[in-house]
Amino acid sequence: MKDRSANSYDLKQAQQILSSLFPAAAGATRENPIPDASPQYLRLSKEFPSRMASRPPAVPVGSPPEVLATTSEAHHQQFPSWEECIAWCMSLTRAEAVFVADSQGFIIASRGRIPGHGFEGTGAELICSVEQLERVAPDAGKLLWLDLDFDKCRVVGFITPPVDAEYYVVGLIAPDSSSYYSHKQIITRTILENLPNLD
Amino acid sequence: MANILSIVSSKGGAGKTTVALNLAVALAEGGDNTLLIDVDPLGAIGFSLGQSDTEWRGLAECMMDKLPIDEVIMPTKLPTLSLLPRGRLDPLDVGIYEELLHSSTTLSEVIASVEKKFRYIIIDTPSGLGLITRAALSVSNFVLLPLQAESLALRSISQTLRVLMHVKENENPNLELLGILATMVQLNKDVSFNIMNTVWGSLRGVLETYIPRADVFGVASEKGLPVAFLPGKYPPEAVRFELLVTEIKDIIQGLGGVTGETDERPQRELI
């Protein structure tokens, strides 16, 4: 019968880690790090790497069914058109309005409450600002998201990577901050996956 | 630059909040400007001080850009101690709070904006090794592990150590383990005595100071006070936290941290 007394604690791993974290003498180098994963641990991140990358965000209890369905299926979304894509973005982020502008500033699709400057005005200004903002840190690569936090509302833009010098800006007007933050990675991934199919 | 110390344990009930609060008070009473941050979604620091769940704005409001950091850091009646409470977080939004704290730069921005004002920043974390604990470890220089003197805690300590090691190796090389702080110790009870025997005999890095199980902590909790602030005779448990301060300052100095203390003393004459 297994001895369950205090003296039978298996502290081997704890001792190894502590020996590594507390070298015995001053100036002594740390022992080699513990080998990755005791063999008895199941590493979910290795079993499901794609799941770790596209983990559905938590949904508050009491969310309406369409939001629950949207969120749980978020990483499997496929859109044949920009209209469906922005409708999905809008429900996910609870934005007041969403639009897509091409690199010339033309509005391809829009949905929701028209902003004061109009979709065309807002889209055009966002496109103009993208090129200028990329000059801020040219070594940082292409601008992917811009987040403009005004005192009255937030305006967010996702910029797709250019293909044949053509790119799009998906603009979100007044998204709910927590929804936008927690869905940002999913939105990025979903739009990029669907981009070849979107006209 | 501040010494940023997270209090972490995989197991609940180890005394993290009690240690965080009373350690912060002891540091502040010793003259060190100290900030106590409550990242625990439970908001245990506020509860420990007798506040209601929606009493204080704090980190949650700052994270959602509702309030700037200066407006959520609270002074206390101890001039050298400030609090950054959890904020008025709806329990229904704990999942989102966890993800946001982990994925956003809020915590590091908060630390960056205040670390020049404080010598010590103590972070009280929730039980477990999830996103919030990982966020706290990623911004900390030091970590303290309360270990309850009972069997389950000893059996599970490897979990916490494994995460610490991973964070240090892969995410935050500056993170140093100050040590293991035994809590709720009852040397007159066989089980507790045996656990401590094993801990002292088997594990490196166990602090000399330990915190005994004592009724005074319940009394302090009921009154919503740190133990050092209770009326009447100064509790010996409060002295324990002063000893803990001395011990961890010594360790921090040994690790190259700045405590403001000096080892240099002039020669004195006795006669």
Side-chain angles (χ1 to χ4, degrees), chain A residues 4-28 30-38 40-41 43 45 52 55-63 71 94 147-151 153-154 175-186 188, chain B residues 60 63-66 90-104 106 131 143 145 147 149-151 153-166 168-170 175-180 190-199 201-206 251 254-255:
Chain A
R4 297 179 193 277
S5 69
N7 292 331
S8 70
Y9 294 114
D10 180 7
L11 296 173
K12 192 175 170 192
Q13 191 182 29
Q15 288 167 328
Q16 283 177 327
I17 296 173
L18 286 167
S19 294
S20 192
L21 290 172
F22 294 110
R30 283 200 305 117
E31 293 174 19
N32 291 335
I34 308 303
D36 184 42
S38 299
Q40 56 266 41
Y41 280 128
R43 295 299 307 275
S45 54
M52 286 300 295
R55 177 167 44 96
V59 176
V61 171
S63 294
T71 308
R94 299 182 224 168
D147 187 346
L148 305 173
D149 203 5
F150 298 101
D151 61 353
C153 89
R154 182 178 232 117
D176 174 76
S177 295
S178 59
S179 301
Y180 149 62
Y181 276 132
S182 58
H183 291 96
K184 204 170 166 179
Q185 298 303 322
I186 286 234
T188 305
Chain B
M63 193 177 355
M64 300 312 302
D65 295 332
K66 301 267 187 240
D90 189 331
L92 296 178
D93 292 334
V94 167
I96 296 178
Y97 169 82
E98 288 172 339
E99 291 207 23
L100 283 175
L101 198 65
H102 182 254
S103 62
S104 72
T106 300
L131 296 177
V143 57
L145 251 65
L147 173 69
E150 59 90 48
S151 310
L154 189 55
R155 290 191 179 117
S156 59
I157 192 173
S158 296
Q159 294 179 351
T160 311
L161 291 172
R162 182 170 157 69
V163 168
L164 292 189
M165 177 62 107
H166 175 84
K168 185 174 172 63
E169 295 286 334
N170 298 285
L175 184 68
E176 297 285 355
L177 174 60
L178 286 184
I180 297 169
D190 285 347
V191 169
S192 191
F193 178 85
N194 289 337
I195 296 291
M196 290 312 300
N197 223 9
T198 304
V199 166
S202 311
L203 300 181
R204 201 176 277 183
V206 181
I251 297 170
L255 290 169

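Below, all heavy atoms of this structure are taken into account, side chains as well, without hydrogens, waters or symmetry copies. Here is the naming used below: chain letters follow the sequence lines, and residue numbers restart at 1 for every chain.
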With sequence neighbours excluded, what pairs up with Asp90(B) under the side chain to side chain contact (heavy atoms under 4.5 Å, CB included) test?
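For Asp90(B), the residues satisfying side chain to side chain contact (heavy atoms under 4.5 Å, CB included) (neighbours in sequence not counted) are Leu92(B), Asp93(B).
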List for me each residue that meets side chain to side chain contact (heavy atoms under 4.5 Å, CB included) alongside Asn170(B), sequence neighbours excluded, and say none if there are none.
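His166(B).
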What part of [X] is in contact with chain A, defined as an atom under 4.5 angstrom from a non-hydrogen atom: side chain, backbone, both or neither?
X: Leu161(B); value: both
X: Leu175(B); value: neither
X: Ile157(B); value: side chain

Test your reading of the model: is there a side-chain donor-acceptor pair from Asn194(B) to the backbone of Asp190(B), 3.5 Å cut-off?
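Side chain of Asn194(B) to backbone of Asp190(B): a pair is present.
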With a 3.5 Å distance limit and no angle check, can you tell me whether Ser156(B) reaches the backbone of Ala153(B) through a side-chain donor-acceptor pair?
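Indeed, once roles are kept as given, a pair shorter than 3.5 Å links the two residues.
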